[in-house]
Participant: 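First, the structure itself, so that you have it in front of you.
Basis for what follows: all heavy atoms, side chains included, without hydrogens, waters or symmetry-related copies. Just so it is clear: chains get the letters A, B, ... in the order the sequence lines come, proteins before strands, and each one is counted from 1.
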Amino acid sequence: MTTGLLEAWFRDFTSRQGALIAWVSVLVVTLFVLVSATMATLIGHHVWTHAQRLRRRAARDQIVALIASAAAEPGQLAPAVATARRRFGVRATGAVLRELRQRVRGEVGESLTRELERIGEVARLVKQAGSRRTWRRIGAANRLGDCGGPRAAEALSRLMQDQDLDVREVAREAALLSGEAPLVEAAVESFLLDLPRLGAGRVGFYARLATVAPEQLRLLVANGRIAGPEEKLAIEALGHVRHAAAVPLAEERLSSPDPELRATVVRFLGRLESDRLRAAVRERLFDPAWFVRAAASRALETLGVGPEEERALGAALRDAAWWVRANAARTLAQHGRLELLLDAASGADAFASDVSLGALAGARDLRPAEARLRALAEQRPDDAVLQSLVQRLTREAT
Amino acid sequence: MEGERPIGEPKGRPILIADDDPLISRLLATVLKRLGRPVLVAPDGDAALRIVREARPELLILDVHMPKRTGIEVLRTLRKEDADPGLRVLVLTTLAQADSEARIREAGADDFLAKPVDPEVVLEHAAGLLGGR
């Protein structure tokens, strides 16, 4: 009886285990097939896209070879474009024509624009500019700036008034890059309308405008069309391109009640390397705002140091603000005014002494200060900076 | 290397265009052939230095932004070596660098033009540099 029950239980158990093993096997095989299929798809996709990329690159190289040389020969461009279009398609040919147009001005540039219009690339982009999808309009805005010509300019101007801020920003950037005066003007007007909504992109716009059309940017400031923080950003951008025509405008603002604007103007003047501006910047060494004094002591490094600047910078070595002392010491060291630095280094003011020794370490030629430095080093054998300066002198002498 | 092959008939000392952008180098090579000189092309700064030493061009048209060595580095190296004081150099810069004329001239450039360029203007400047000897 008991044996019979055990046998029945054993038969039932093994049959159920067999079914379990079968299910697990099916699951493992299915997973294996799925993973293998996914891997094969991924590898196949990678191989295919890589081959496509290589084909596109090879096609581009061949179009470049066809078009770049032909563009410079009168009457050769149209046949070369026709050949490229037949062999590689209108999109690839249009892309190379746009690339070249972006890099070239003058008659060659105009002939490239004519070809872009003739093959329908401009018409395609104009149509794309009217798309309901934002990303398509952004794509059109990016490319229309490269095409040149009135049709592309008109479409780009419309995109600068698009309902979407991103589209307008891209269109403005493309308009500035085109360098064409009417488009640059339209970009400025569009920018001014958007100004209250713009964030960090403003800095990029001013920088680009200063590069492409600095006079337009100067006029925005001079005519009071931008003010406050915008005025500072614009002057900063004009300084980066060293736009000398903006000097009178900057000098007027040196006495502004806004200390940040005064500091901006001092930095602007410091980039111009003009002796005439030295006196105006020197006066700012006595400005009530420490960061204006710091900017002035740094600007004199570029503008130069005469006897009066030397005296003012010597006084700045004892300024209450560390940045002012450090910049003044650096400027004096760069201009070889070592005596003042040595006076400060041996004086009782520990802060002035520290910055002066630090600046002396950056001086190109320490030999004029050798005797005083060695004497000072003997008085202060524990001063590591002084000892390293003496070691440098010994090394240079040998 | 394709970039180093003379494109024009060899008459006199060559002109070397050092630019990594094949669109610009090919376009300028075609335009500069009108000066009746062989035109060589270097795709990077190292190749430019090597070709200047080997082929002794009379005019170097040098892009500032190049792989391996910038145009300014190439120029400084050449002027430091002083291997050919007669070598004239025309530097091509982007608009953003056009303000640094002093830096470019200090490095030893005889002339410079801002990109985007008008190929006819490059031709005029090149002819001026070659003719003013």
Side-chain angles (χ1 to χ4, degrees), chain A residues 57 60-74 76-77 80 95-112 145-146 148 176-180 184 204 207-214 237-246 271-274 302, chain B residues 1-3 5-8 15 17-41 43 61 63-66 92-106 112-127:
Chain A
R57 197 178 300 162
R60 185 189 172 277
D61 289 348
Q62 290 184 57
I63 300 171
V64 167
L66 271 168
I67 288 176
S69 307
E73 302 281 10
Q76 296 292 306
L77 183 59
V96 173
L97 279 172
R98 274 191 281 107
E99 263 188 73
L100 186 56
R101 176 67 183 86
Q102 188 194 35
R103 292 158 169 76
V104 171
R105 293 287 180 265
E107 272 183 38
V108 175
E110 284 165 20
S111 66
L112 290 164
D146 299 339
L176 290 185
L177 281 173
S178 78
E180 291 179 21
V184 172
R208 182 76 71 192
L209 183 60
T211 308
V212 175
L238 287 166
H240 284 298
V241 297
R242 298 184 174 88
H243 189 56
R271 291 200 171 98
L272 291 177
E273 298 174 17
S274 161
T302 334
Chain B
M1 186 162 135
E2 193 214 358
R5 195 176 59 222
I7 294 170
I15 297 169
I17 301 168
D19 198 323
D20 59 320
D21 182 352
L23 276 166
I24 285 294
S25 54
R26 277 181 183 271
L27 179 74
L28 292 182
T30 312
V31 173
L32 292 168
K33 269 200 299 187
R34 291 183 211 158
L35 293 172
R37 308 283 187 116
V39 180
L40 310 174
V41 175
I61 297 186
D63 181 31
V64 172
H65 276 294
M66 282 193 296
L92 301 180
T93 72
T94 59
L95 265 176
Q97 303 155 332
D99 63 291
S100 40
E101 181 184 349
R103 188 174 61 98
I104 292 167
R105 291 207 187 271
E106 193 188 334
F112 89 101
L113 285 171
K115 285 181 171 180
V117 290
D118 180 344
E120 297 298 327
V121 174
V122 177
L123 182 67
E124 273 172 34
H125 281 246

Participant: Mind checking side-chain contact (heavy atoms from CB on, under 4.5 Å) for A207(A) and listing every partner two or more places apart, or none if nothing turns up?
Facilitator: none
Participant: Can a salt bridge be assigned to the pair D19(B) and K115(B) using a cut-off of 4.0 Å between side-chain N and carboxylate O?
Facilitator: yes
Participant: Under 4.5 Å, counting heavy-atom pairs only, tell me which of P214(A), G109(A), A65(A), A71(A) racks up the most with chain B.
Facilitator: A65(A)
Participant: Rounded to the nearest 0.5 Å, how far apart are CG of D118(B) and CD of E107(A)?
Facilitator: 7.5 Å
Participant: Quick one: which of I24(B), V31(B), L28(B) has the most heavy-atom pairs under 4.5 Å with chain A, could you say?
Facilitator: I24(B)
Participant: What residue in G106(A), A70(A), G179(A) has the most heavy-atom pairs under 4.5 Å with chain B?
Facilitator: G106(A)
Participant: By side-chain contact (heavy atoms from CB on, under 4.5 Å), which residues pair with E106(B), not counting sequence neighbours?
Facilitator: none
Participant: Given that the side chain runs from C-beta out, which part of V108(A) has a heavy atom under 4.5 Å from chain B: side chain, backbone, both or neither?
Facilitator: side chain
Participant: Could you look at Q102(A) and say if it's the side chain, the backbone, both or neither that has a heavy atom under 4.5 Å from chain B?
Facilitator: backbone
Participant: Using non-hydrogen atoms only, which part of R60(A) is less than 4.5 Å away from chain B: side chain, backbone, both, or neither?
Facilitator: side chain
Participant: Do R34(B) and E120(B) meet the salt-bridge criterion of a basic N to acidic O distance under 4.0 Å?
Facilitator: yes
